[in-house]
Amino acid sequence: MTTTDWIQIAAIIVSLITSLIAIIISSKSLKLTRYSIEEANRPYVVIYETDVQVSKSIHTYLVIKNFGNTGATIESINYYPEYRDVIFNRQPFLKVKNHFIAPGQQFSTSIRIKNNSNKEVRTFHIKYRDSANKIYREKIILNEFSTSELVHAKTIPDKNTSLETVISKATEELIRRNL
């Protein structure tokens, strides 16, 4: 073999290696792009607590919301320790099964905790699926003690407060809470 033949063989090998590397990089890039698109467009169903001030009292709500860009069907919601509404003695959201929740949609229920001694750290497990029947599981820990020392600025209307002011304050609170 001549030197020219060796150079041609070396060029073929370098070209082959370069092509293989390009194919591998392209393949990984396509997988990453596909994963990014799936993550950006999947449902994200979460549960959280929020407080809303209404007139002179503060109401606590337990909320399930889909923060994702696609709808989801909730398969099950479980939590520990047991959680009961003190008004009706019911466990909220346990019957929410095989229920569709659209992007941005939320379900909420008013909850009351008798006093600080009833507050707990609760673990919620939400199982849901997207339109392609891909199953997602979320584990959410709510520490009810973590918000117990937050200060709420209450506006207590009196007899001299106009209806316009009361409605304005209520609207302001709803907008602030984005409900």
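Starting from 1, each residue takes its place in the sequence as its number. Source: prediction; values computed, not measured.
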For [X] and [Y], which heavy atoms make the closest approach, and how far apart are they?
X	Y	result
K127	I135	CE-CG2, 3.9 Å
F100	G71	CZ-CA, 3.5 Å
A40	N69	O-ND2, 2.6 Å
E120	P81	OE1-CG, 3.1 Å

*Residues forming a side chain to side chain donor-acceptor pair (under 3.5 Å) with N98, sequence neighbours excluded*: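 In terms of side chain to side chain donor-acceptor pair (under 3.5 Å), with neighbours along the sequence ignored, N98 is linked to no residue.
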*Look at the side-chain heavy atoms of Ile, Leu, Val, Met, Phe, Trp and Tyr, link any pair under 4.5 Å apart, and say whether I140 and Y136 land in one connected group.*
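Yes, one cluster joins them.
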*Between V96 and F67, is there a shared hydrophobic cluster once you connect ILVMFWY residues whose side-chain heavy atoms come closer than 4.5 Å?*
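Yes, same cluster.
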Rounded distance (nearest 0.5 Å) linking atom [atom1] of [X] with atom [atom2] of [Y]:
X	Y	atom1	atom2	answer
T70	I101	OG1	CD1	11.5 Å
T2	I7	OG1	CD1	8.5 Å
K95	R90	NZ	CZ	8.0 Å

Are [X] and [Y] close enough that some pair of their side-chain heavy atoms sits under 4.5 Å apart?
X	Y	value
I74	F93	no
L94	Y79	yes
V46	I126	no

For the backbone of [Y] and the side chain of [X], can you confirm whether one donor and one acceptor N or O come within less than 3.5 Å of each other?
X	Y	result
D130	P43	no
T109	L62	no
S27	I23	no

*Does Y80 OH have over 12 foreign heavy atoms under 6.0 Å away?*
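Counting neighbours around OH of Y80, 12 or fewer heavy atoms of other residues, nucleotides or ligands fall under 6.0 Å, so no.
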*All pairs passing side-chain hydrogen bond (donor to acceptor under 3.5 Å, both in side chains) where residues 30-40 contributes a residue, at least two apart*: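 Matches after skipping sequence neighbours: R34-E38, E39-Y44.
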*Walk me through it: do R129 and T73 pass the test side chain to side chain contact (heavy atoms under 4.5 Å, CB included)?*
CA-CA 5 Å; R129 61 182 157 80; T73 300; 3.6 Å; yes
*Apart from W6 itself, what residues make up its hydrophobic cluster, given side-chain heavy atom links below 4.5 Å?*
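Answer for W6: M1, I9, I13, I17, I21, I25.
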_When you compare the side chains of Y128 and E138, does any donor N or O come within less than 3.5 Å of an acceptor on the partner?_
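Their side chains do contain a donor-acceptor pair, which is all the 3.5 Å distance test asks for.
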